[in-house]
Structures are given as C-alpha cells and as structure tokens.
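Structure, as structure tokens:
One is the number of the first residue; the rest follow in order along the sequence. The structure presented is a predicted model; accordingly, all values stated were derived computationally and were not measured.
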Amino acid sequence: MSLLQLFDIFYRRQRRVFLAVAAAVFLAAAAMTLALPKEYRGVSTLFVGENRQIGAGADAVQLDDILAQTYAKLLQTEDLQRQVAARLPGVNTDELDSKVSVEVVPATRLLQISALDRSPRRAQEIANTYAEVFVDAQQASLTKTTKTRLDRLNRQIGELADELASLDDAASGSSARRAQLQTSLESLRQSYASTQESAVAQGQNVSVS
C-alpha cells in the first residue's frame, strides 16, 4: 500500500478533525484581521510648475519632471518633517516618517502626499499640513532669493551712481569713462526691474491642487 493510499485512508477517518482544524484556523485569522486597528488614508496633491517662466528653447516637460522629482525628495527631508510636526500637536518626526509617503503621479505635474492614521480626519490633516508647509517653505525661499539679488543690485547701482556723480562734480574724467558708467548703471537698473517682474510672474513653482 502506497503512502498516498495510507494518507487517503487516514484523511477519510480523520476528515472531521481536519475540517474542524481548518475552520478554526480560518476563524482565528478572520478574528485577528478584524481586531487590527483600521487605518485611513488622507491625500493632498501638489501641482508643480504653475506660473513658472520657461527659458527660450527650454523643454518645459523635462524641466517640470526634474522639478517634480526634486520636490518629491525635499518633501521627505527631516527638516520638513520637523516643520510639519511643529504644526501638528502630538505628532513627532518618527511617526511622520512611517505614516507619510510621497510619489510623483506618472505622466503628470502632480505630486501626491499620502498619510495614514486611525482617524480619517487626522490622516487628511497630516497630508494637508505637509502640502501647506512645503508650499510656504518654497515661497519663503523664493522671497529670500529675490531679496538677496535685489539688495546686491541696489548696492551696485548706488556705487556706480556715486562714482558717476563724483566725476560730474569734479568736471573731470574722460567722457569714455562717463559713458561706460552710464551704460553699466542703465544695465543694472534694467536687471533690478527685471528681477522684480520675474519674482511677481514666477509666483510659486508649486501649489496645492
């Protein structure tokens, strides 16, 4: 008699035991699944590249893709986690690291921030806060960069204007030097105006969709 035949005889004799064990295992697994705390997902979406000026001949799609990938990495930095945690009482950076995920939606300019929590309201609050903090940080960075550039240009304009005024007061100096200073001064003033206009036009590179 083969092992298969022996097993068949044993199974038929002990069928009720097998069925009882199988049912018990199934019920135990179902009970454990139901006992696990249910988690809800909150989602916030960011739109990348809005109001962003594209240089002549630039590939807008490629630039937006690079920007989206860069932002996806920045969204997962410890610095941003700390800023988000500061706005969410009772949440620390370790929890955020395990609860939040970021992905670039394929073939779009969208970044999707997903947060998990036992409370659906809390999950959505975490996702929304992530998006808001990131947009605020990018806007602050743009403002700081623009201010730094404007301050530098303003200082250079002042220096050239003072030098030009000193030549005029002394009624000396070559006309070539005066022409050079006037050309440089006009160029700096145009750069100053262009920087202001660019900052206004650029707005935000990323916004909540």
Side-chain angles (χ1 to χ4, degrees), residues 44-88 93 96 100 102 104-105 108-113 127-209:
S44 187
T45 305
L46 296 176
F47 183 82
V48 177
E50 187 173 17
N51 295 327
R52 179 174 52 76
Q53 291 184 321
I54 304 297
D59 185 340
V61 175
Q62 183 180 17
L63 289 175
D64 286 335
D65 182 63
I66 294 172
L67 191 60
Q69 295 293 340
T70 300
Y71 282 168
K73 293 183 182 299
L74 290 175
L75 276 160
Q76 300 176 76
T77 60
E78 292 183 6
D79 183 58
L80 189 72
Q81 288 177 342
R82 284 193 292 269
Q83 293 181 56
V84 173
R87 294 196 190 183
L88 293 171
T93 55
L96 291 176
V100 179
V102 180
V104 180
V105 181
T108 72
R109 295 195 291 174
L110 301 177
L111 279 172
Q112 195 171 73
I113 303 170
N128 290 344
T129 303
Y130 245 90
E132 292 165 4
V133 167
F134 186 71
V135 169
D136 289 347
Q138 292 306 304
Q139 183 60 48
S141 177
L142 173 63
T143 300
K144 182 179 180 180
T145 301
T146 300
K147 184 179 183 303
T148 299
R149 177 166 173 74
L150 289 176
D151 287 345
R152 183 174 66 252
L153 287 170
N154 192 50
R155 183 173 61 255
Q156 292 173 336
I157 289 171
E159 291 172 353
L160 287 182
D162 288 344
E163 185 177 351
L164 187 59
S166 66
L167 288 178
D168 291 338
D169 290 342
S172 61
S174 68
S175 58
R177 178 55 179 165
R178 283 194 178 87
Q180 182 184 22
L181 288 173
Q182 289 172 341
T183 299
S184 298
L185 187 59
E186 181 60 27
S187 177
L188 286 173
R189 284 170 174 166
Q190 289 178 356
S191 295
Y192 190 94
S194 177
T195 299
Q196 289 181 312
E197 292 172 2
S198 177
V200 173
Q202 185 176 11
Q204 298 175 337
N205 280 338
V206 60
S207 59
V208 179
S209 175

Any side-chain heavy-atom pair from D136 and Q83 closer than 4.5 angstrom?
-> no
Contacts of type ring-ring contact (aromatic ring centres under 6.0 Å, His included), residue F134, not counting sequence neighbours | Y71
Rounded to the nearest 0.5 Å, how far apart are CG of L188 and OG of S194?
-> 12.0 Å
Going from CD1 on I113 to CD on Q76, what distance comes out if it is rounded to the nearest 0.5 angstrom?
-> 9.5 Å
So V105 and T45, side chain to side chain contact (heavy atoms under 4.5 Å, CB included) or not? Walk me through it.
-> CA-CA 10 Å; V105 181; T45 305; 5.8 Å; no
Can you measure from CD (Q182) to OG (S187) and round to the nearest 0.5 angstrom?
-> 13.5 Å
Point-to-point distance, once rounded to the nearest 0.5 Å, from OG1 of T70 to NZ of K73 | 8.0 Å
Measure across S44 and A131 and return the closest heavy-atom pair with its distance rounded to 0.1 Å.
-> OG-CB, 3.3 Å
Let me see the working for L80 and V133 under side chain to side chain contact (heavy atoms under 4.5 Å, CB included), right down to the final yes or no.
-> CA-CA 8 Å; L80 189 72; V133 167; 3.5 Å; yes
Can you tell me how far the CG atom of L164 sits from the CG atom of L181, to the nearest 0.5 Å?
-> 5.5 Å
Heavy-atom distance under 4.5 Å between the side chains of V104 and V48, does that happen here?
-> no
Closest heavy-atom pair, Y192 versus I157, reported as atoms and distance to 0.1 Å, is CB-CD1, 4.2 Å
S184 side-chain N/O to Q180 backbone N/O, donor-acceptor pair under 3.5 Å = yes
Could you tell me whether D151 and R155 have a side-chain N and a carboxylate O separated by less than 4.0 Å?
-> no
Start with the C-alpha distance between L153 and R149, add both sets of side-chain angles, then the distance that settles side chain to side chain contact (heavy atoms under 4.5 Å, CB included), and finish with yes or no.
-> CA-CA 6 Å; L153 287 170; R149 177 166 173 74; 4.1 Å; yes
At their closest point, which heavy atom of L111 faces which heavy atom of A68, and how far apart are they?
-> CD2-O, 3.6 Å
Supply the atom-to-atom distance E163 CD to R178 CZ, rounded to the nearest 0.5 angstrom.
-> 11.0 Å
